[in-house]
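We're numbering straight along the sequence, starting at 1. Since we're looking at a predicted model, the values are computed, not measured.
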Amino acid sequence: MFSQDTTWYADGVMVDPFLLLILSSPSGAGKTTLTRKLQERFPALRFSVSHTTRKPRSNENHARDYHFIDRKDFDELVEREAFVEWAEVHGNCYGTSHAEIERARSEPGCAGMIFDIDYQGARQIRAKQPDAVAVFILPPSMIELERRLRGRASETEDVVKRRFEAAKVEIEHYGFFDYLVVNDDVDTAFNHLEGIVLAERSRRFRRADLAERLLRAGKL
Ligand code: ADP
Ligand code: 5GP
């Protein structure tokens, strides 16, 4: 159950803007770290659990971090059009299922979703949901990015190299995103993200329904 940190009532009707928040970054820039902090701060935002063919890391749990499946099952889901978006990233397949979004939308008190996906997925989601908010996390430097990739002890040298080389291609897509957040000091980066969520929730089109309901209530 979600805490009601975003719920407003007009005439006893819940008026909650549903926020789709996409977080992308080169691997190692700190997306997972920041996503966890965002979830603590905004429990009404549900983390979208993707499907992947990547093997789980030692600290990862099935269905909490990812739905870990093999390539055959992934291909079947693609065939059945079960994904809102999917892409091949660093040699593995990743996808967001329609079911994941529908589940969140039907959960009482759920005010939106956080998608930790790459730029290809961000593009596909935005094609279907143009009001999704897209944030790109930047590392403070490439040296620091490499240090963080190596610091994640679960990765082999080959994986670190492959992900570091891919970082430039990913950063080249920064122009697609609404916001760029630099993750140098993690608390500062988090403050920026928090500000983005609060501001986006207050956008006129997300609050217009409440305003209209208030006007109608005032006429009674
Ligand atoms: P991503 O999800 O983008 O691949 P992670 O959140 O897993 O990145 O972070 C990669 C590594 O960098 C982790 O070991 C994490 O603890 C560390 N890290 C994340 N943010 C910072 C930061 N601001 N300063 C130093 N280390 C960080
Ligand atoms: P990791 O293997 O480090 O968990 O993730 C590798 C990359 O895949 C990250 O850039 C992450 O954002 C991306 N990713 C994770 N899930 C999805 C997804 O469902 N769709 C897409 N397109 N990318 C994803």
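Taking all atoms of both residues into account, the shortest heavy-atom contact from L149 to S27 is CD2-O, 3.5 Å. A pairwise comparison of heavy atoms in G30 and N183 identifies CA-ND2, 3.6 Å as the closest pair. Looking at every heavy atom in both residues, A29 comes nearest to L145 through N-CD1, 3.6 Å. Residue V169 comes nearest to H173 through the heavy atom pair O-ND1, 2.8 Å, listed as atom of the first residue, atom of the second, then distance. When every heavy atom of A189 is checked against every heavy atom of V182, the shortest pair comes out as CB-O, 3.5 Å. Considering all non-hydrogen atoms of both residues, Q120 and D118 come closest at NE2-OD2, 2.7 Å.
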query: Yes or no on side-chain contact (heavy atoms from CB on, under 4.5 Å) for D178 and F136, after CA distance, side-chain angles and deciding distance?
result: CA-CA 8 Å; D178 302 308; F136 196 75; over 6 Å; no
query: Given S50 and F115, is the side-chain contact (heavy atoms from CB on, under 4.5 Å) satisfied, shown in steps?
result: CA-CA 8 Å; S50 299; F115 300 93; over 6 Å; no
- request: Kindly determine whether L38 and V197 satisfy side-chain contact (heavy atoms from CB on, under 4.5 Å), including the steps that lead there.
  value: CA-CA 9 Å; L38 264 186; V197 171; 4.2 Å; yes
- request: Begin with the C-alpha distance, continue with both residues' side-chain angles, and end with the deciding distance and a verdict on side-chain contact (heavy atoms from CB on, under 4.5 Å) for L34 and V186.
  value: CA-CA 8 Å; L34 289 165; V186 74; 3.9 Å; yes
message: Run the salt bridge (charged side-chain N to carboxylate O under 4.0 Å, His left out) test on E107 and R103 for me, step by step, so that the C-alpha distance in whole Å, both residues' side-chain angles and the decisive distance to 0.1 Å come before the verdict.
response: CA-CA 6 Å; E107 274 180 64; R103 215 171 7 250; 5.5 Å; no
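Geometric assessment of R123 against the ring of F176 yields a negative cation-pi assignment under the 6.0 Å and 45° thresholds.
The local environment of CD in E157 is crowded, with over 12 non-hydrogen atoms from other residues, nucleotides or ligands closer than 6.0 Å. Heavy-atom contacts from other residues, nucleotides or ligands closer than 6.0 Å to CZ of R148 number more than 12. More than 12 non-hydrogen atoms from other residues, nucleotides or ligands lie less than 6.0 angstrom from NZ of K128.
Of the options L23, I114, L198, a side-chain contact (heavy atoms from CB on, under 4.5 Å) to L193 is made by L23 and by none of the others. Each of W86, Y94, F83 was compared with H51 under the ring pair (Phe, Tyr, Trp, His ring centres under 6.0 Å) criterion, and only F83 meets it. Considering R57, R36, K55 in turn, R36 is the only one that fulfils the salt bridge (charged side-chain N to carboxylate O under 4.0 Å, His left out) rule with D65. Of the options M113, Q39, R64, a side-chain contact (heavy atoms from CB on, under 4.5 Å) to F47 is made by Q39 and by none of the others.
With salt bridges taken as basic N to acidic carboxylate O contacts below 4.0 Å, none links E194 and K37. Under a 4.0 Å N-O distance rule, the pair E146/R150 qualifies as a salt bridge. E172 has a carboxylate O that lies under 4.0 Å from a charged side-chain N of K168, or vice versa, which qualifies the two as a salt bridge.
The backbone N or O of E200 sits less than 3.5 Å from a side-chain atom of R206, completing a donor-acceptor pair. Judged purely by atom type and a 3.5 angstrom limit, T188 has no side-chain atom pairing as donor or acceptor with the backbone of D184. Panel note: side chain E85, backbone T96; a donor-acceptor pair is recorded below 3.5 Å. Judged purely by atom type and a 3.5 angstrom limit, T53 has no side-chain atom pairing as donor or acceptor with the backbone of R71.
Atom CD1 of I69 sits about 9.0 Å away from atom SG of C93, to the nearest 0.5 Å. Distance check, rounded to the nearest 0.5 Å: CZ of F42 to CG of L21 gives 9.5 Å. Note: R162 CZ to T156 OG1 = 9.0 Å, rounded to the nearest 0.5 Å. Atom CZ of residue R201 and atom CD1 of residue I196 lie 13.5 Å apart, to the nearest 0.5 angstrom. The distance from atom CG of L138 to atom CD of E170, rounded to the nearest 0.5 Å, is 11.5 Å. For the atom pair OG of S24 and CD1 of I125, the computed distance is 9.5 Å after rounding to the nearest 0.5 Å.
Between D209 and R213 the shortest side-chain heavy-atom distance falls below 4.5 Å. Looking only at side-chain heavy atoms (C-beta outward), C110 and R46 come within less than 4.5 Å of each other. Counting only heavy atoms from C-beta outward, the side chains of D131 and R203 never approach each other to under 4.5 Å.
Under the 4.5 Å side-chain heavy-atom criterion for ILVMFWY residues, no single connected hydrophobic cluster contains both L180 and I117. Cluster membership for V181 and F177, using ILVMFWY side-chain heavy atoms within less than 4.5 angstrom, is not shared. Under the 4.5 Å side-chain heavy-atom criterion for ILVMFWY residues, a single connected hydrophobic cluster contains both V135 and L19. The hydrophobic cluster containing I137 also contains Y179, counting ILVMFWY residues as joined when their side-chain heavy atoms lie under 4.5 angstrom apart, directly or transitively. One hydrophobic cluster holds both Y174 and M142 under the rule that ILVMFWY side chains link at heavy-atom gaps under 4.5 Å.
Counted by atom type alone, S48 and E100 present zero donor-acceptor pairs between their side chains at under 3.5 Å.
Ring planes of H67 and H62: perpendicular class, angle over 60° (limits at 30 and 60°).
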